[in-house]
Structures are given as C-alpha cells and as structure tokens.
Amino acid sequence: LALNRLEDPEIRVATLIDMVLAKGDQAHQLFLDCLRNLCFAFPALEPIVTGLQTGVQADVAIPRPGAQTGGPVSAEGEHFVDRHRAELIQRVSMVDGVLDMLCGTVLDNEQYQSIRAERSNPEKMRKLYELMPSWNRVCKDRLYQALKAKHTFLIEELEGK
C-alpha cells in the first residue's frame, strides 16, 4: 500500500528495491531473478540489475512508460533490425539460439517450428523477417536483444556503422 501512494515512478522503484533488500538474501535473490526476466522486455533495467548484483548503486533514470530510451532505434526512427536487414540475413550464424529466445514471447510454437524447418541460416532469417511487418517495437526490441546476446560482436560492428 505504501508503494501505491508514491506517485513518482523513480521514488516508487527506489522504495521497492529498499523494501526487498530489507527482507533478506532470499527475497533479494528472488527479486533479482524477476528483474533479470524483465530485462529482455525492458533493457533499460539492466543497469539496475547489475547494481543490485554487485552492490554498486546504479545511477540510472527509471524509464517512464512511453518514454523513448536509447537503443536500437535511430534518430530517424528506423529500428536496428530494419536498418541492417540484409547484413543480418547473411551473417547471423546461430539462428536457432535466437529463435529459442523469441519462442513464447514473439513467436508462437507454429512460427518457431516453421522457421526452424528451413535448411540454411539465411533462409531461417528470411522467414523470420517475413513475420516482421506484423511486429510492434517491443517485438523488434526483443529480436535485437536476442541477436545482441547470441551475436555480440556482429551487433557491435553493425552499431558502429
């Protein structure tokens, strides 16, 4: 109830974290596990999770709903996965690992199986891109995060372009 009375989201999150930490190590670990799961959908939470894991205070602003945060969208509004479509189709080599990360959140089981049935990685990526016109920004962000997790160096190279 005390959290519901707080209107400022940053103060609400800071108070929640303080309350959880005061409950002991088991509550702290459970809270970290929940936050780690949320990081996939809300990458801006990663500095908070890192701070809670290491004990270092994370000096980050809590993103407000609807706020634009830095990341995979360019200043022109084009998403990373749209901007680098051709390179990603040709260069992503572990498509199955990316699909595993998307299954259940972005892809349903039928879509997942259909893409996996393709013979080569470029064919799998093309099939994945066939679904993208129906995706919103959150889905594209999840693909970006999955690619970043499985192909860190490729994504860093493309981000430098």
Side-chain angles (χ1 to χ4, degrees), residues 8-10 12-14 16-17 20 29-54 56 58-161:
D8 186 293
E10 290 181 38
R12 185 180 287 180
V13 170
L16 172 63
I17 291 170
V20 169
Q29 204 54 48
L30 183 60
F31 186 68
L32 275 174
D33 291 342
C34 291
L35 282 178
R36 274 190 215 100
N37 290 331
L38 286 172
C39 281
F40 192 66
F42 304 100
L45 289 173
E46 288 180 33
I48 295 169
V49 173
T50 302
L52 289 171
Q53 286 174 319
T54 62
V56 175
D59 186 22
V60 295
I62 306 303
R64 297 198 183 332
Q68 288 287 352
T69 57
V73 178
S74 69
E76 296 81 29
E78 188 177 24
H79 201 282
F80 179 90
V81 297
D82 294 319
R83 199 167 53 250
H84 297 288
R85 180 182 194 276
E87 291 127 320
L88 292 170
I89 287 172
Q90 291 304 312
R91 297 181 62 192
V92 171
S93 59
M94 296 185 301
V95 179
D96 290 347
V98 172
L99 296 174
D100 290 343
M101 293 180 74
L102 298 175
C103 187
T105 56
V106 175
L107 302 173
D108 63 32
N109 194 44
E110 184 179 331
Q111 293 167 326
Y112 173 82
Q113 294 299 332
S114 172
I115 296 168
R116 293 239 12 235
E118 296 295 330
R119 286 189 227 153
S120 69
N121 286 319
E123 289 172 350
K124 289 177 184 181
M125 287 299 292
R126 278 190 198 91
K127 186 91 165 183
L128 181 61
Y129 269 97
E130 286 176 16
L131 299 172
M132 283 187 57
S134 66
W135 289 4
N136 60 21
R137 161 115 186 249
V138 172
C139 294
K140 290 180 181 184
D141 287 349
R142 288 181 179 168
L143 173 57
Y144 170 78
Q145 290 299 322
L147 289 167
K148 196 169 183 178
K150 296 294 182 183
H151 294 279
T152 305
F153 299 117
L154 172 61
I155 300 308
E156 286 176 359
E157 177 188 329
L158 295 175
E159 286 176 331
K161 287 187 175 183

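Hydrogens, waters and symmetry mates play no part in the numbers below; they use all other heavy atoms, side chains included. Values in this document were obtained by computation on a predicted structure and should not be read as measured data.
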Can you tell me how far the CG atom of L128 sits from the CZ atom of R85, to the nearest 0.5 Å?
10.0 Å

Mind listing the closest non-hydrogen atom pair of I89 and M125 along with its distance?
CA-CB, 3.8 Å

State the CZ-CG distance between R126 and L131, to the nearest 0.5 angstrom.
14.5 Å

Determine whether L143 and W135 make a side-chain contact, defined as any pair of heavy atoms from C-beta on separated by less than 4.5 Å.
yes

So does R83 pair up with E159, basic N to acidic O under 4.0 Å?
no

Return the CG to NE2 distance between L147 and H84, rounded to the nearest 0.5 Å.
11.0 Å

Less than 4.5 Å apart, side chain to side chain, heavy atoms only: is that true for R116 and V95?
no

Distance-minimising heavy-atom pair for Y144 and H79
CB-CE1, 4.0 Å

Residues V138 and N136: closest non-hydrogen pair is N-OD1, 3.1 Å

Has the side chain of Q111 got a donor or acceptor atom that lies under 3.5 Å from a matching backbone atom of D108?
yes

How long is the straight-line distance from CZ of R91 back to CG of L158, given to the nearest 0.5 Å?
6.0 Å

Show the nearest heavy-atom pair for residues P133 and Y129, with the distance to one decimal.
CD-O, 3.5 Å

Residue K124 excluded, over 12 heavy atoms near NZ under 6.0 Å
yes

Does the T152 side chain pair with the main chain of K148, one donor and one acceptor, at a distance under 3.5 Å?
yes

Gap separating the CG atom of D100 from the CG atom of L107, nearest 0.5 angstrom:
10.0 Å

Residues L102 and A146: closest non-hydrogen pair is CD2-CB, 4.3 Å

For K127 and S114, which heavy atoms make the closest approach, and how far apart are they?
CE-OG, 2.9 Å

Output yes when a side-chain donor or acceptor of E123 lies under 3.5 Å from a complementary backbone atom of R119, and no otherwise.
yes

Kindly check if the number of other-residue, nucleotide or ligand heavy atoms within 6.0 Å of CD (E156) is above 12?
yes

Determine whether I155 and L88 satisfy the following criterion, side chain to side chain contact (heavy atoms under 4.5 Å, CB included), listing intermediate values before the conclusion.
CA-CA 9 Å; I155 300 308; L88 292 170; 4.0 Å; yes

Atom pair CE/NZ of M101 and K150 - distance to nearest 0.5 Å
6.0 Å

